[in-house]
Amino acid sequence: MSIFAEFIKILPNKNFSGIVTVLLLQLFLVLPFSATAATAALTDYFRESWNTRQGLPHNTINSISQTPDGYLWFATWEGVARYNGREFKVFGREQQTGLPDSGIRALHLDPKGRLLVGGSRGGLALLQDQQWRPVDAVSSLVNEVRGDAKGQLWVGTEGGGLFCLQTDGSRQQWTRHHGLPSNTLYSLLHDDNQGLWIGTAEGLAYLHQGKLSTVVSSPKLPVFALAYYQGKLYLGTERGLYQQQENDFVLVLPELHQTAISRLLVDHQGDLWIGTVEEGVFRLSNYGLEQLTAQHGMPNNRVLAIYEDNEHSIWLGTNGGVFRLRDAPFTTLSTEQGLPDNFVRTVLQHSDGSIWIGTARGVARYKDGRLLAETNLLPEQSVLSLAETPKGDVLIGTYSSGVFHYSHGTLTKLLDRNSGLLSNEVRAILPLTDGDIWLGTAQGLNHYQHQQMRSYTTREGLPADFVIALHKTKDVLWVGTGTGVTRLVNGKFEPLPLSVLDQAEYAFDFYEQPDKNLLWLATDRGLVRYRLDTAELAMVGRKAGMPFDKFFQVQADLHGNFWLSSNRGILRINRQDANAVADGTLANISFDLYGESDGMLSAQANGGSNPAAMMATDGALWFATASGVSRVQPSRLAAFAEAIPPVVLEELLVNGVAKKISGSIELPPDSDRVELHFAGLGYVMPERIQYRSRLVGFDANWLDRGKQNFAEYTNLAPGRYEFLVQAANSGGPWSEAARIELIKHPHWWQTRHFQWLGTLFTIAVLLLLLYWRMSSLRNSEQRLKRQVAEKTAELQQKANSLQAADEEKSALLAQLHQQTLALALQARQDGLTGLANRRAFDEVLSKEFMRSQRLKQSLALAFIDIDHFKQINDTWSHNAGDLALVAIAEKIRQHSRSVDCAARWGGEEFALLMPSTSLEQAQLVCERLRLEIMALDWLDIAEGISITVSIGIAISDELNDAKQLLFLADQALYQAKQQGRNRVCAA
């Protein structure tokens, strides 16, 4: 600083000296900003938005807060909305809150964990432990609320000045008359000295120990926001950002001198977020001053609220809804960061540490955390493939111009159709250490050696001319084409019989595991494993639980996982599990599927050219997609899983009626059905939250509920129970359990007193009957003795007659009972297949449809029709047709859960009703059923029979009538028939 002072002394002009002083001061103010740390550049954050379409009551978000239980709260002009990661619940002007109006302006979580709510008409309320307590309103619209450690409430109003609400119910008010610069207050901030900074419409004021003073040195401007940043007080005003310097305030950040600043936030990393009235949001960090606006996806450029939640996501309240910035597993480079085009075909890790990215408009390079836009190549070419030669040069395959060669800054055309290439569309390039180059094109395979070109097509043994993948293992060249895989061994092509594995054809990529002597193939029917030593083939596909068929690339990470790219997202599976499935020791494989909600701009990864995925030197995986190149660092995924979402009980329904939740709930004797709804309050990946629950006293162990966020119990016996529920991110630890005690009261006849009295009464009656019986026997003993001789024969004859009549009656009753049971069964059951008949199915459909509407759950219906069934009857007899119907009915029964209803709809058509089932889940069930029916062996019925089925699926979402569900399922079945049968179609 002494050098700075001497520099000022030698300046010839005082005005110039003052200008330089300010500029240098600003320079010193900016320098510390670069020392702060940020997870990623602002444009790399994953962005999401919500508005009234997603359940918000109003698109203007005035304030945001989060309560200790984990709920997020949004203040709007139509009430305060509570968000649990899945849905919004709105609280407004109602008896529960006690607010005089639904317009909410301000939220604040005070040191005691209470949510302070302030709004129009001076309304105030407190929320703690999900219990509302109204507070007497103040005289004006509430702009800001704050709570202090003493439990006092501080309220800044629009025109009414400042209010302090004491814990004893008294209140104090400050206005212009008491020294406020203005009666309109916008911001409040407590300091460490128990003082209160007050931002007004005409400058700053300070209140300490009851003494109010105007800060004369502050700008005479509306002060919309206050914050402590790097130990200094900052003011967000109508014209720029000010910083307190001893007894003065100076403008900082010249870029914002004319900007109206609405909100300030210092996040957990020490970075400063600056919300504006018209220019979106800024962040000051080690990246400098960054900006996001509506051009970057914000709903609106006016920022009314900024909040950082417990998971360090940043929430912005705007005039157009809520906007969130969060960390995500994937980040994506796109044209927004400087990529020449978003359609990326290929990506390559170069030995110099740079990453080459082939797009529809040339090649970009990425190094040291940034895109080197100034070195983009071939801007007029659509690039399909990339490869690095042993010398470090790069070969670039294009869509229409052949192969280019890049070496030490020089780009030249290497090969095209004129130089012998079969096609200028080059989809795979494989340089070898000896200088040879293999090239896969759309018209065949080329071998470039010693500046000579040799060509291979189907005439030379290729299964197809469309070559999309190349790989070399020792002396074997592997070639992936559009109709299979072949190997070039000693100059001859040897096809690999992929078609035996679920009719696989396309081979998009190869991945070699030299330590295991394995080669993995990404195909259009799943992941194929080939043992290089034994030539054994195995499939990890739909039968093993994979969600779809087609995979483009297979990449291993450093943590024992395979990553598979596809048209529908990036799939992660455990490599050991994949081998276990291939070995036949594991039936189903678990997986994680990543897409747009995980940071990708598009879940559609690209394939058909190579390499379309790769692992960088830092262990990150890069994938070419239809919207940029997406990257994931697998080592970071554990951090996402380790975050523990708190779980709360949201709703208790007893016989369909909501009950107020408390620590202990008493259930009346007629409580036949108890439903408990809960939510894991995690907002980074809410769709991945898993649940488990246990009803102590009923469940022996924890029940895994997957993503289902409710539990239902029916006909609980009287007694005392405790319900426990936990939540966890996928693969992460379980949260602390939320719990509630349930006390089910017995009916009067189920009480212990009644049971004891009933037992005593029964014993007494039995004793009386015994005594009466003994007396009667003694009195009649003598009489019976006299009559026994003369009546013996007569009694014996009557006894025989009665016995015969009783036996005849019993036999008749048994016969009638059996006939009744048979008739009842025939009325509700199909006589041939044993499934429910049409009448029984209609009853179940009506009941389940009403239940799905009430619980807002999906109800899936599938119609299953046997293809060409008449040919079976005509060719092999009706008996063979009946046997086929029975076999298929049994297969449908095997795929039905206990809650499902399978029925014979009529003839060769069946119906399967699946409650609480989404469309995607129903498609998976029906696809497995179709495949297993197609694979059935019919030799025990007749030789030559082959049976397939067509299936149509409909879902009850947005339907109002069960007949609509039947109609849509029938339409879907008709579509399956029209498209060639033996398929599953959804309405």
Side-chain angles (χ1 to χ4, degrees), residues 62-65 73 75 104-112 114-120 122-126 135 137-167 171-176 178-215 218-219 221-229 232-238 241-242 244 249 261-266 273-275 303-307 317:
N62 295 313
S63 185
I64 306 171
S65 190
W73 297 82
I104 307 300
R105 183 75 174 87
L107 300 173
H108 176 69
L109 190 70
D110 77 355
K112 296 182 178 296
R114 303 177 300 179
L115 182 67
L116 313 181
V117 182
S120 58
L124 294 167
L126 297 175
V135 178
V138 295
S139 58
S140 304
L141 168 72
V142 175
N143 280 335
E144 187 73 296
V145 290
R146 283 291 185 273
D148 61 22
K150 298 178 182 179
Q152 300 177 121
L153 306 185
W154 298 86
V155 185
T157 68
E158 183 83 26
L162 175 68
F163 290 84
C164 178
L165 280 61
Q166 309 285 348
T167 55
R171 62 179 60 193
Q172 187 174 358
Q173 183 180 11
W174 290 266
T175 63
R176 277 185 182 274
H178 303 90
L180 279 176
S182 169
N183 284 338
T184 295
L185 277 58
Y186 295 119
S187 53
L188 302 173
L189 179 66
H190 284 98
D191 62 15
D192 295 335
N193 298 321
Q194 297 183 348
L196 180 67
W197 294 97
I198 307 165
T200 79
E202 297 181 29
L204 189 65
Y206 185 67
L207 178 67
H208 185 250
Q209 296 181 350
K211 182 179 179 181
L212 179 67
S213 60
T214 298
V215 182
S218 70
L221 296 168
V223 179
F224 296 128
L226 296 165
Y228 277 103
Y229 177 55
K232 302 289 185 180
L233 178 66
Y234 277 73
L235 282 62
T237 75
E238 189 178 55
L241 182 66
Y242 286 80
Q244 186 182 31
F249 287 86
I261 296 173
S262 56
R263 284 291 183 265
L264 296 174
L265 171 75
V266 179
W273 295 78
I274 306 166
V303 177
L304 302 172
I306 310 177
Y307 189 79

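Note that the coordinates shown come from a computational prediction; the quantities given were computed from them, not determined experimentally. Residue numbers run from 1 in the order of the sequence given.
- L196 has its side chain within reach of L162: a pair of non-hydrogen atoms, C-beta onward, lies under 4.5 Å apart.
- With values rounded to the nearest 0.5 angstrom, I104 atom CD1 is found 6.5 Å from S120 atom OG.
- To the nearest 0.5 angstrom, Y186 atom OH is 13.0 Å from L226 atom CG.
- For N193, the side chain to side chain contact (heavy atoms under 4.5 Å, CB included) criterion is met by D191, Y206, H208, not counting sequence neighbours.
- Under the side-chain hydrogen bond (donor to acceptor under 3.5 Å, both in side chains) criterion, T175 pairs with H178, sequence neighbours left out.
- Partners of D110 by side chain to side chain contact (heavy atoms under 4.5 Å, CB included), not counting sequence neighbours, listed by chain and number: H108, K112, R114, L116.
- In this structure the side chain of L264 reaches within 4.5 angstrom of the side chain of I274, judged on heavy atoms.
- In this structure, L107 and V117 have side chains that are in contact, with non-hydrogen atoms separated by less than 4.5 Å.
- The CD1 atom of I261 sits 11.0 Å away from atom OH of Y234, with the distance rounded to the nearest 0.5 Å.
- For the pair S262 (side chain) and L304 (backbone), a donor-acceptor distance under 3.5 Å is absent.
- Judged as a ring pair (Phe, Tyr, Trp, His ring centres under 6.0 Å), and not counting sequence neighbours, Y307 has no contacts.
- Looking at residues two or more places apart in sequence or on another chain, you find a side chain to side chain contact (heavy atoms under 4.5 Å, CB included) between T157 and V138, S140, V155, F163.
- Nearest approach of L115 to L109, heavy atoms of both residues: N-CD1, 4.0 Å.
- Residue pairs meeting the salt bridge (Lys or Arg N to Asp or Glu O under 4.0 Å) criterion with at least one member in residues 145-154, sequence neighbours excluded: E144-R146.
- At least one donor-acceptor pair under 3.5 Å links the side chain of T214 to the backbone N or O of G179.
- Residues passing the side-chain hydrogen bond (donor to acceptor under 3.5 Å, both in side chains) test with E158, sequence neighbours excluded: N143.
- Around CD of Q172, the count of heavy atoms belonging to other residues, nucleotides or ligands within 6.0 Å exceeds 12.
- Applying the side-chain hydrogen bond (donor to acceptor under 3.5 Å, both in side chains) test to W174 and every residue at least two apart in sequence or in another chain returns nothing.
- The two residues A149 and P111 make their nearest non-hydrogen contact at N-CG, 3.9 Å.
- Counting only distance, with no hydrogens or angles, the side chain of S65 and the backbone of W73 share no donor-acceptor pair below 3.5 Å.
- Y242 meets the side chain to side chain contact (heavy atoms under 4.5 Å, CB included) test with P219, L221, L235, T237, F249, L251; sequence neighbours excluded.
- The CG atom of L165 sits 9.5 Å away from atom CD of Q152, with the distance rounded to the nearest 0.5 Å.
- The two residues L180 and A205 make their nearest non-hydrogen contact at CD2-CB, 4.1 Å.
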| request: Determine, step by step, whether V215 and W197 satisfy the side chain to side chain contact (heavy atoms under 4.5 Å, CB included) criterion, reporting the C-alpha distance in whole Å, the side-chain angles of both residues, the deciding distance to 0.1 Å, and the verdict. | output: CA-CA 9 Å; V215 182; W197 294 97; 3.7 Å; yes
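- Residues satisfying the side-chain hydrogen bond (donor to acceptor under 3.5 Å, both in side chains) criterion with S182, sequence neighbours excluded, are absent altogether.
- Every residue two or more places apart in sequence or in another chain that forms a salt bridge (Lys or Arg N to Asp or Glu O under 4.0 Å) with E202 is listed here: R176.
- Distance CD/E238 to CZ/F224: 5.0 Å, rounded to 0.5 Å.
- Side-chain contact check for L153 versus L124: every heavy-atom pair is 4.5 Å or farther apart.
- To the nearest 0.5 Å, atoms CZ (R263) and OG (S187) are separated by 8.0 Å.
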